[in-house]
Amino acid sequence: MTQNSPLLVLPPSLSRTVAALPNKDRNRLDDTITRLHTVNGRLWDTEDRVRGALLSAAQVADCKREIDQLNAERNLLAERADEVLGSLADAGRADAPLHTETLASVIDRLSVLTLRIWHSERAAARDELARRRVPALHGQREELCAALDALVCDVVAGRRRLPVPARFKLYGRDDAAPAEIKPSRRLRRVLAFGGLSECGKSTSAEFVQRTCGAQRFKIGFLLRQAAHGEGLADPYALSPRRQAELLLGELNRFADAHIDTELCTIESVHDDASIAELKRLMGDALQIVYLDASFAVRVERSGTPAQAVAAKDEIKMSRGAHQVAALADHVIDNTGSIAALRARLRRIAAPPASTALRAATPYGLGLPAAVASATADFTDAVRSYGPGVRLAVLTGSPGEGSWIAGWSDLDLLVIAEHEAIGRVHEALEQYRTALGGAASLGPTLVTPGELTARRLTPRLAFVLHQLQQGSPVLHAAPGLELPTISRGELAFAAVRELPQVILTMRRLRADAGPTALRQLYKHLVLACRLLLREHNQWESGPDRILAAASRMPGLTALATPSLAEISSAWRDGEAELVLKPVTVAVDQLLTWYAAQLAA
């Protein structure tokens, strides 16, 4: 009920009996009875509205529909209450006299009587008849409470039986009971943005749409669409519960028609009552995000006079926009940097998850003994730093078991808190010293915040995806959470990374001497790997990647020597023997790529 509506107080014997129920049943019953009383209050208000001021035919029809919908909800809630209250009965007395109604029916009558008393007391100041009725109504309530308490005692003792609680009310429906609308299984996640004027709702929703591929909706649009489909003239005149059902129904229809949509956003949440009802219907699938900023900041951002912003605020606050903060799953102080806002939004839109990582010792990665020993010492060092270092992993060929001495680098990823980076630098220096000339070390250092905010390069995204697929790690702290990277995200990342790879490959080709062989070949393989991702092909290993790329439409087969032959020639100082076929393959790929983009 609203702040100005009466509370429903249960009689003492029933209250004591309910208090003795298990926590789960007691909480369920408390919530159901509270909602039942709220629905009765809305029914009263709607019936007053349809009997009161002159309404158009369309508005009367809306009110009648709302009354039917509220009555359906009322009966459903009463049945739910009886499911719990029925457990109070002594099942051993089948011969006990049958009472005429269920306990929830009596509670429902008590709820209506409570509302009648409250409305009559409000009218008593101006209506003599209402004033004379008030004492009688209080007497009726006392009698009803006493009768309900006596019934509860008789039911618990087995002196009376209760009838079957099902009401089988149809309200124009073909089914036996009003069905509560539920989220479609295809409606995965919805973010609802709320806040006062110029707080950043639209900017935030646009960012989530652009970076996470979310489908963006305005709440007003959804309500109008749903109202049009059901023949309603004014959806805003409906109860908050009915508005929430209309919103969910429209979201369900979209999700069922667009099964690949993972995330939707809705804005702007200005009504705390309807969004609270939508949260009850959707649960955690709906995440309410409230953006907060001071009035001065919002005025500055708007570029309009303070009076204009204040006027907008007044309208929104009259609908309960400011009260959405108390319901929100996330309250964001949007007075800081854009970087901070976007980091928070990315964590909300695509939350990190605990990942089951496979640990392996350096000696199990196919590394030479000296390299494995230096790697083990480094792993022991960062592990000793405690939770400041979250992850250490050798990426690329060591994880794939294809590392080649004298050819492959040691690409290392370390996830560490910013405060621990200095100590990681010291460990890396010791690592390089221990390696000597056995391998070239290429470290990448990143903080957990950068990862969960998804500030990722395409290559880093690929490494995280490989970890999800089971690539081994050297060290992982307990409870480590990493962003989940889909193949679709990698395909988009490939589109972003490929232009730089092509430009670098052209630069290397312009100076294609023997010393450039290694980098030229690696960029050839990388370019082919990225192109294959765009074609939804996921090969690993240079030889397999180049063979698969040779089958792309219109590309002449890339006749390069095998990786074993190229790496052997490189180590033996005979790079010129294999340089020619590599440069020919690079030229073929560059020519083909230019032709693909020329049309």
Side-chain angles (χ1 to χ4, degrees), residues 189-227 234-236 240 243 247 250-251 254 261 263-276 278-279 286-351 449-450 452-456 492 496:
R189 297 186 77 239
V190 176
L191 302 186
F193 288 100
L196 296 179
S197 304
E198 310 299 337
C199 66
K201 299 182 294 294
S202 296
T203 301
S204 296
E206 182 183 5
F207 174 75
V208 173
Q209 177 189 43
R210 187 173 67 251
T211 59
C212 302
Q215 181 64 44
R216 185 180 172 192
F217 293 107
K218 295 285 189 179
I219 286 180
F221 168 79
L222 292 175
L223 276 177
R224 288 192 298 273
Q225 286 287 101
D234 182 9
Y236 294 100
Q243 289 185 38
L247 284 171
E250 203 62 27
L251 288 169
F254 177 85
T261 300
L263 179 66
C264 294
T265 66
I266 56 177
E267 53 180 293
S268 303
V269 180
H270 293 155
D271 181 357
D272 62 315
S274 61
I275 200 65
L278 187 60
K279 182 69 173 179
L286 173 69
Q287 293 289 291
I288 304 171
V289 182
Y290 186 86
L291 292 151
D292 197 16
S294 69
F295 181 73
V297 168
R298 293 187 288 113
V299 169
E300 182 180 355
R301 287 176 179 168
S302 71
T304 59
Q307 295 89 333
V309 177
K312 291 181 182 178
D313 281 354
E314 186 173 349
I315 294 172
K316 290 178 171 62
M317 292 173 72
S318 71
R319 300 170 182 164
H322 59 301
Q323 295 174 331
V324 173
L327 306 170
D329 300 282
H330 313 274
V331 177
I332 300 178
D333 178 6
N334 190 18
T335 58
S337 70
I338 292 293
L341 171 65
R342 290 178 172 177
R344 185 79 182 275
L345 290 173
R346 290 303 296 267
R347 292 188 187 99
I348 294 169
E450 291 170 66
T452 56
R454 290 184 172 253
R455 292 296 180 111
L456 308 175
F492 283 120
R496 296 195 306 272

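Start at 1 with the first residue, then count along the sequence.
Scanning for ring pair (Phe, Tyr, Trp, His ring centres under 6.0 Å) contacts around F207 gives an empty result, with sequence neighbours left out. With sequence neighbours left out, the side-chain hydrogen bond (donor to acceptor under 3.5 Å, both in side chains) criterion links R454 to E489. Under the side chain to side chain contact (heavy atoms under 4.5 Å, CB included) criterion, S274 pairs with P240, Q243, D271, not counting sequence neighbours. Residues satisfying the salt bridge (Lys or Arg N to Asp or Glu O under 4.0 Å) test with K201, not counting sequence neighbours, are none. Partners of D329 by salt bridge (Lys or Arg N to Asp or Glu O under 4.0 Å), not counting sequence neighbours, listed by chain and number: K279. In terms of the side-chain hydrogen bond (donor to acceptor under 3.5 Å, both in side chains) criterion, residue partners of E450 (sequence neighbours excluded) are, by chain and number, T447. A293 is linked by a side chain to side chain contact (heavy atoms under 4.5 Å, CB included) to V297, R298, R301, T335, counting only residues two or more places apart in sequence or in another chain. With sequence neighbours excluded, the residues satisfying side chain to side chain contact (heavy atoms under 4.5 Å, CB included) with S337 are A339, A340. Evaluation of the side-chain hydrogen bond (donor to acceptor under 3.5 Å, both in side chains) rule for E267 yields S202, R216, K218 as partners, not counting sequence neighbours. In this structure A306 satisfies the side chain to side chain contact (heavy atoms under 4.5 Å, CB included) test together with F295, V299, sequence neighbours excluded. Listed by chain and number, the residues in a side-chain hydrogen bond (donor to acceptor under 3.5 Å, both in side chains) with T211 amount to none (sequence neighbours excluded).
Side-chain contact between R189 and P351: present, with at least one pair of heavy atoms (C-beta onward) separated by less than 4.5 Å. Looking at heavy atoms from C-beta onward, T203 lies out of side-chain contact with I338 at the 4.5 angstrom threshold. Residues R455 and R342 have side chains in contact (heavy-atom distance under 4.5 Å, counting atoms from C-beta outward).
Minimum interatomic distance between A325 and V331 (heavy atoms only, all atoms of both residues): O-CG2, 3.8 Å. Between L196 and H322 the shortest heavy-atom distance is CD2-N, 4.3 Å. Nearest heavy-atom pair across H270 and G195 is CD2-O, 4.3 Å. Closest approach of A321 to Y290, counting heavy atoms only: O-CE1, 3.5 Å.
Expressed to the nearest 0.5 Å, how far CG of L345 lies from OG1 of T265 amounts to 10.5 Å. Rounding to the nearest 0.5 Å gives a distance of 6.0 Å between CG of L247 and CD1 of I266. We find the CZ-CD distance between F217 and Q225 to be 9.5 Å, quoted to the nearest 0.5 Å. With rounding to the nearest 0.5 Å, the separation of CG in L327 from CG in L286 is 10.5 Å. In this structure, I348 CD1 and H330 NE2 are separated by 4.5 Å, a value rounded to the nearest 0.5 Å. To the nearest 0.5 Å, atoms CG (L263) and CG (L191) are separated by 5.0 Å.
For the salt bridge (charged side-chain N to carboxylate O under 4.0 Å, His left out) condition, the pairs that include at least one residue of residues 302-312, sequence neighbours left out, are E198-K312.
N334 contributes no side-chain N or O that, together with a main-chain N or O of L291, makes up a donor-acceptor pair within less than 3.5 Å.
Annotation for F254: atom CZ counts as buried by contact number, over 12 foreign heavy atoms lying within 6.0 Å. The 12-atom threshold is exceeded at CZ of R347, counting heavy atoms of other residues, nucleotides or ligands nearer than 6.0 Å.
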